Number of protein chains: 2
Amino acid sequence: MDKCNAKNLLVSKKLKVTKQRQLILERIIGRQGIFTVNSLYTKLEDEIDLVTIYRVISIFEEKGIIREVLSNYEEKRYELACIHNPVHPHFNCSVCNELFCLEAVSDNLIKLLQENISDYLVKDISIQFKGICKKCLENNLT
Amino acid sequence: MDKCNAKNLLVSKKLKVTKQRQLILERIIGRQGIFTVNSLYTKLEDEIDLVTIYRVISIFEEKGIIREVLSNYEEKRYELACIHNPVHPHFNCSVCNELFCLEAVSDNLIKLLQENISDYLVKDISIQFKGICKKCLENNLT
DNA sequence: AAAATATATGCAACTTACTTGCAATTAGAA
DNA sequence: TTCTAATTGCAAGTAAGTTGCATATATTTT
Ligand SMILES: [Mn+2]
Ligand SMILES: [Mn+2]
Ligand SMILES: [Zn+2]
Ligand SMILES: [Zn+2]
């Protein structure tokens with residue numbers, strides 16, 4: 001199965017296909033990484049108002065097209081939520097402060113993590129590592 | 001070893017012992033849970049200015065007296081960081097939207113989680129579950 | 001114990017991510 | 001093509017958190 005198609009995805013989620021929604025979704029699908037509302041606005045400000053991006057992102061999240069990434073930044077972070085991008089841990093470098101996507105954790109390991117939690121109905125799990133990324137480690141030695 | 005003592009903790013971290021810092025730290029130690037700046041302010045507004053709480057919390061975090069809890073709330077969340085409260089996962093209920101502290105995960109399991117991450121120097125790990133808490137599950141059935 | 005000094009506090013004003021109201025526009029149905 | 005409800009853009013608002021600066025206070029020095 002290949003990459004998602006913006007227009008089809010909008011139609012399948014029963015969303016009106018507007019120029020703005022297409023542009024935003026195409027960018028999200030094209031880049032395949034973590035993004036913020038402002039990172040989208042920087043690229044699309046000639047064509048879309050900032051408020052519209054906020055509203056579109058909010059709708060995309062409700063419809064499950066994107067998911068919010070757990071983080072402590074002031075700006076909310078999101079990423080595409082589709083079969084090509086299953087839930088996975090992230091790594092936050094405390095030097096460059098970037099947020100990296102990591103490989104998904106095995107189902108077995110997830111089960112082990114959930115074993116102790118009896119009083120709750122678990123639907124989702126977020127894992128974030130903190131430390132120093134390879135680039136910053138190398139730079140620090142120089 | 002018994003509970004931390006606010007004044008001693010301040011002195012050991014080489015911080016000036018002010019009335020405000022003592023009051024804030026005593027409350028954090030006394031309650032032993034997750035807190036926000038505003039939750040402290042609600043209880044201490046007659047004696048401490050909101051800005052002072054922000055500044056004290058910022059210093060406490062730098063000194064490692066408290067740690068920020070990873071979350072997607074608009075307001076930052078913190079908890080006491082001491083031998084009595086080692087790093088542990090949290091559970092976020094999507095119904096009541098509360099954030100619960102869970103038992104710490106075994107070192108073995110943490111090691112397994114880190115095994116795949118070769119390009120990074122890991123210093124810390126945050127785990128947050130999302131789902132429905134016992135109370136909300138019971139209420140939903142009623 | 002008093003004076004000196006460096007730090008902490010409180011108030012007002014500011015910044016910034018995000019939201020809301022409303023009139024104008026537009027996608028999709030009829 | 002016309003109609004209607006949903007979407008958009010602009011302006012204004014909200015709320016968490018920050019900053020400048022004068023005053024107050026904890027700790028050091030005398
Ligand atoms: Mn990711
Ligand atoms: Mn906790
Ligand atoms: Zn880095
Ligand atoms: Zn709940």
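Chain letters run A, B, ... following the sequence lines, proteins first and then strands; every chain starts at 1. Heavy atoms only: backbone and side chains are in, while hydrogens, waters and symmetry mates are out. The shown structure was predicted, so the numbers you read here are calculated from the model rather than taken from an experiment.
- How far NZ of Lys43(B) is from CG of Leu23(B): 14.0 Å, rounded to the nearest 0.5 Å.
- Leu112(B) contributes atom CG, which lies 7.5 Å from atom CG of Leu112(A) (distance to the nearest 0.5 angstrom).
- For the atom pair CD (Gln20(B)) and CG (Asp49(B)), the distance works out to 9.5 Å, reported to the nearest 0.5 Å.
- Ring geometry for Phe91(A) versus Phe100(A): interplanar angle of 30 to 60°, hence tilted.
- Taking all atoms of both residues into account, the shortest heavy-atom contact from Ile29(A) to Leu9(A) is CD1-CD2, 4.4 Å.
- In terms of modelled atom types and a separation under 3.5 Å, the side chain of Ser94(A) and the main chain of Gly131(A) share a donor-acceptor contact.
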Contact pattern, 5' to 3', of nucleotides 7-12 of chain D - B, S or - by protein heavy atom under 4.0 Å: SBBBB-
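- When all heavy atoms of Asn85(A) and Arg67(A) are compared, the pair lying nearest together is O-NH2, 2.6 Å.
- Residue-to-nucleotide proximity on DNA chain C shows that, of Val11(A) and Val37(A), the 5′-proximal contact is made by Val37(A).
- Taking every nucleotide of DNA chain C with any atom under 4.0 Å from a non-hydrogen atom of chain B, the first and last of them, 5' to 3', are dA6(C) to dA12(C).
- Rounded to whole Å, atom P of dA6(D) lies 12 Å from atom NZ of Lys63(A).
- Contact annotation: Tyr54(B) does not reach the phosphate of dT18(D) (side-chain N/O to OP1 or OP2, under 4.0 Å).
- For the pair Arg31(A) and Phe35(A), the cation-pi test (distance below 6.0 Å, angle within 45°) is failed.
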Derivation of the salt bridge (charged side-chain N to carboxylate O under 4.0 Å, His left out) call for Lys130(B) and Asp124(A): CA-CA 5 Å; Lys130(B) 207 178 183 110; Asp124(A) 209 351; over 6 Å; no
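- Taking every heavy atom of residues 64-80 of chain A and every atom of DNA chain D, no pair lies under 4.0 Å.
- Within 6.0 Å of atom CG in Asp107(A), 12 or fewer heavy atoms from other residues, nucleotides or ligands are found, so the atom counts as exposed in its surroundings.
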